[in-house]
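Both counts, for ligands and for their atoms, begin at 1 and track the order of listing.
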Amino acid sequence: MTMVVTGGCLCGSLRYEVEGEPSAIGKCYCTDCQKESGTGHMTFVGFAATAIRTSGEVRQFVKNGDSGNEVVRLFCPSCGTTIAGYPKILGDVGVIRAGTLDDPAGLVPTFAVYGCSAREWDSPPAGLHVFETLPPR
Ligand SMILES: [Zn+2]
Ligand SMILES: [Zn+2]
């Protein structure tokens, strides 16, 4: 069974469609995700990068992550919403920002990364497996 997931930015002009099953659902507490989201963490849904297709005007912001590897972020030039990121360290994985999904109900995050920089006002939920930085590879 093929699953198609859709979503988009706050103003609606940047949309995406993803075919396939999520490879991971988790939360990132790194300082870059704090800046990007404007809050304490980012909840992400990982898919094969090649399965993510966008429509509408899109811009990229590129910055090296904590690992020294490039992270490409796709965002809407009109409203500024980031819809996805492509951390080079993950290879062929793109991470959709969970809040941009059309139907974000029912997602179950199974782990958190960069617990070392989590803020006391937005701590990982009790019971969630938290890695200090990235999981060992
Ligand atoms: Zn927008
Ligand atoms: Zn992060």
Side-chain angles (χ1 to χ4, degrees):
M1 192 191 87
T2 311
M3 183 179 146
V4 178
V5 170
T6 57
C9 67
L10 180 58
C11 76
S13 61
L14 174 56
R15 299 282 305 160
Y16 62 82
E17 195 176 282
V18 192
E19 217 175 286
E21 296 291 319
S23 54
I25 303 175
K27 293 168 176 284
C28 184
Y29 290 83
C30 82
T31 51
D32 284 359
C33 285
Q34 291 176 11
K35 288 286 189 190
E36 181 199 303
S37 67
T39 180
H41 76 279
M42 186 260 292
T43 302
F44 59 85
V45 185
F47 290 96
T50 49
I52 303 171
R53 290 187 305 270
T54 66
S55 57
E57 205 185 334
V58 63
R59 284 183 65 183
Q60 297 192 351
F61 176 70
V62 184
K63 182 180 187 290
N64 284 1
D66 170 77
S67 65
N69 290 276
E70 207 169 72
V71 181
V72 177
R73 292 173 171 81
L74 302 188
F75 68 96
C76 170
S78 300
C79 70
T81 305
T82 301
I83 55 160
Y86 301 89
K88 210 167 236 174
I89 197 169
L90 297 183
D92 182 41
V93 174
V95 287
I96 293 288
R97 277 50 181 153
T100 66
L101 291 166
D102 288 337
D103 180 16
L107 298 175
V108 182
T110 55
F111 65 103
V113 296
Y114 285 98
C116 62
S117 47
R119 305 300 175 191
E120 68 281 8
W121 41 265
D122 191 15
S123 306
L128 190 67
H129 186 79
V130 181
F131 294 98
E132 276 298 282
T133 57
L134 292 171
R137 302 178 68 84

His41/Tyr29 aromatic ring centres below 6.0 Å
yes

To the nearest 10°, what's the angle at the Zn ion (ligand 2) between atoms SG (Cys28) and SG (Cys30)?
110°

Is there an N/O/S atom in Cys33 at a distance below 2.8 Å from the Zn ion (ligand 2)?
yes

Test of understanding: clusters of I, L, V, M, F, W, Y form through side-chain heavy atoms closer than 4.5 Å, transitively. Do Val93 and Met42 belong to the same one?
yes

Applying the side-chain hydrogen bond (donor to acceptor under 3.5 Å, both in side chains) criterion to Tyr16, which one of Thr6, Thr100, Thr54 satisfies it?
Thr100

Nearest 10° is fine: what angle sits at the Zn ion (ligand 1) between SG from Cys76 and SG from Cys9?
110°

Taking the side chain as every heavy atom from C-beta outward, state whether Asp32 and Arg73 have any atom pair closer than 4.5 Å.
yes

